[in-house]
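Being a predicted model, the structure only gives us computed values, none of them experimental. Sequential numbering from 1 along the given sequence is applied to the chain's residues. No hydrogens, no waters, no symmetry mates; every other heavy atom, side chains included, goes into these values.
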Amino acid sequence: MQGWMNPKILPYQSKNVERIFRSTSPELCVDGPARSGKTLAILQKIFHLHFKFPGLRSAIVRSDSVDLTDTIRYDIKDTLLRFRLDDKRSPVKYGVGGMNRFEYLYINDGEMRLGGMNRPGKVLGAEYDILFYSQAEQSTEEQHQLLKTRVAGSSGVWRNKKGEVLYQYIMDANPDSPDHYLKEREEEGLLDFVTLTFEDNPAFYWNGAWTRMGLSVTSELDRSLVGVYHDRFYKSLWVNPEGAVFGLDKGVHLIDRLPDDIGDYVFYNAMDFGMTAPSVCLWIGEHPKTKDVIVTRELRHSGLTIIELGDYVRELRKERILATVIDNDEEKQKLLLSHCRIPSQMARKGPGSIVDGIGLMQHALKNTSEGKEAGLRFYTGLREGMPTDARLLRSKEPLSVIKEMQNLSFKPKSRRTGSLADDLPVGSDHGVDPLRYWFLWREERRPAIGFSSGAATRKKRI
């Protein structure tokens, strides 16, 4: 047991974790099911290297710095270390932000920096011997390339027995779709993978036997996770959902940069309000001639009132918005107009509307696949510059409409009849719903409400 480590932590015993500690590959990704101990194993390796090589420089990154407060920082100060950071005996000292929100740690004449990709300047402004991206399935390939440029072993203190300078970009990841860029890098030989199992977590499996905690947690995950989430977070499989509704093709439907003629597009907002579920607003661009559609931006936040959502949207608008499409709810329509000065259109809702909207979206995706006009694509950076909701980051739900469309599936066939229960999809659809509203509304193209007078005119429900 290391002298700096909390003595209550059970030491890892497995060969898989030994591979993590021994790896000197320039890129290493550790994947595995939920609660398999990926993050803690990597943290132990990094702290071990800090104490072995004085002057080591490292960084820990997540998609958002807020999320680090309740995850990585918690693991470090409340789980990993023998002494609290404010204890005089602690060999680890914190810098900016205080003991609970520290942005720097000073370890053995070296430094560890913590940050989020929502504020990349704090991370990209220096070079490191080790950089750890936690939950890298949430990262983009562009972020990956940017962060790799900061891992160069510039301090030169981490060396192997031959005296060669070492450096490493480490990631942990929950399994995602098989076409995720991390899996593609593995297939191209650019990235080493180490897959942990539940048995690799010493709190779950110790001295060849399951612990009480291990039996309880794994049985609950097996029971409660369904569909693609069971395959990914319990079985640790990089798979798409069976019976996928949309089948997005990464090379066709997802674009990493907006087209050069994006200035010719006309823009719309589509909104869906949630109380317990997150509220979502999409920015949807449509080419006036080809009728091609691109979803360019997405605001996603929980705990907002309809007025707060409207105020957020007004502040974030850069483009001239021709119309805002919402669910079929007259009260929300009135509140958006009277409090936020946002005139809106109500989408068709009722029998058949879900199936019809999905059908329109599927047709647009098919047009894109076939190289026809009136297609549908998504900008992969649609969440850039948007407010961050730490509660959503901590959830296991998709964080964007792209992820939702990749995960949405039809209900499995009945074991008794062998047929589908119905033609409605299952899965998170908080961003899919407003996009569906917009496609339904576009079929009807009603005039916008609220422009001709100072108050909303009443519209008949459908």
Looking at side-chain heavy atoms only, is the closest gap between [X] and [Y] below 4.5 Å?
X    : Y    : value
V432 : D272 : no
W438 : V295 : no
R232 : S177 : yes
I262 : F267 : yes
N269 : V313 : yes

Is the backbone N or O of [Y] less than 3.5 Å from a side-chain atom of [X], with the two atoms forming a donor-acceptor pair by type?
X    : Y    : result
S216 : R212 : no
D329 : K332 : yes
H253 : D249 : yes
T79  : I76  : no
K38  : P33  : yes
S58  : I130 : no
D129 : R57  : yes

[Y] and [X] side chains, donor-acceptor separation under 3.5 Å:
X    : Y    : value
E199 : T197 : yes
S36  : N201 : no
E137 : Q135 : yes
S14  : N16  : no

Out of curiosity, [X] [atom1] to [Y] [atom2], how far, rounded to the nearest 0.5 Å?
X    : Y    : atom1 : atom2 : value
D75  : Q44  : CG    : CD    : 10.5 Å
I321 : I342 : CD1   : CD1   : 9.5 Å
E384 : E142 : CD    : CD    : 6.0 Å
L190 : R185 : CG    : CZ    : 4.5 Å
H180 : K250 : NE2   : NZ    : 7.5 Å
R377 : T296 : CZ    : OG1   : 12.0 Å

Any residue meeting side chain to side chain contact (heavy atoms under 4.5 Å, CB included) with [X], in chain and number order, not counting sequence neighbours:
X    : answer
A374 : K291, N367
K183 : E186, F193, W238
V151 : L131, Y167, Y169
T211 : W206, M213

Taking all non-hydrogen atoms of both residues into account, name the closest pair between [X] and [Y] and its distance.
X    : Y    : answer
I72  : S134 : CD1-OG, 3.9 Å
E184 : D179 : OE2-O, 3.3 Å
L215 : S219 : O-OG, 2.8 Å
V17  : D200 : CG2-O, 4.2 Å
L304 : F273 : O-CE1, 2.7 Å
E127 : S154 : OE1-CB, 3.2 Å

Pairs meeting criterion salt bridge (charged side-chain N to carboxylate O under 4.0 Å, His left out) with involvement of residues 295-305, two or more places apart: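 Non-adjacent pairs meeting salt bridge (charged side-chain N to carboxylate O under 4.0 Å, His left out): R297-E319, E298-R300, R300-E404.
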
Among residues at least two apart in sequence or on other chains, which ones pass salt bridge (charged side-chain N to carboxylate O under 4.0 Å, His left out) with [X]?
X    : answer
D260 : R257
E308 : none
D292 : none
R223 : E220

Mind running side-chain contact (heavy atoms from CB on, under 4.5 Å) on F378 and M405 for me, showing each step along the way? CA-CA 11 Å; F378 298 82; M405 292 187 69; 3.2 Å; yes

Walk me through it: do L309 and L299 pass the test side-chain contact (heavy atoms from CB on, under 4.5 Å)? CA-CA 9 Å; L309 175 63; L299 167 65; 3.9 Å; yes

F439 and D356: side-chain contact (heavy atoms from CB on, under 4.5 Å), yes or no, with the steps? CA-CA 9 Å; F439 270 93; D356 290 347; over 6 Å; no

Sole residue of Y234, F233, Y205 in ring-ring contact (aromatic ring centres under 6.0 Å, His included) with F198: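 Of all the options given, the one that passes is Y234.
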
Going by the angle between their ring planes, with limits at 30° and 60°, are H144 and Y181 parallel, tilted or perpendicular?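 Rings of H144 and Y181: perpendicular, as their planes differ by over 60°.
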
What pairs with S23 under side-chain hydrogen bond (donor to acceptor under 3.5 Å, both in side chains), at least two apart in sequence or on another chain?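 side-chain hydrogen bond (donor to acceptor under 3.5 Å, both in side chains) check on S23 returns Q168.
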
Partners of S279 by side-chain hydrogen bond (donor to acceptor under 3.5 Å, both in side chains), sequence neighbours excluded?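 Per chain and number, S279 pairs via side-chain hydrogen bond (donor to acceptor under 3.5 Å, both in side chains) with no residue.
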
Are R436 and D433 close enough for a salt bridge, meaning some N to O gap below 4.0 Å?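 Counted as a salt bridge, because a side-chain N and a carboxylate O are separated by less than 4.0 Å.
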
Please step through side-chain contact (heavy atoms from CB on, under 4.5 Å) for the pair R442 and Y268, ending with a clear verdict. CA-CA 10 Å; R442 187 175 69 159; Y268 305 86; over 6 Å; no

Should we say atom CZ of R317 is surrounded by more than 12 heavy atoms from elsewhere, each under 6.0 Å from it?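 Check passes, neighbour count above 12.
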
Got a sec: does the CZ of R314 have more than 12 other heavy atoms crowding it under 6.0 Å?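 Count over threshold, so yes.
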
Holding to ring-ring contact (aromatic ring centres under 6.0 Å, His included), I want the full list of residues that pass it with H287, two or more places apart in sequence or in another chain.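 If we apply the ring-ring contact (aromatic ring centres under 6.0 Å, His included) test to H287, skipping adjacent residues, the hits are Y265.
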
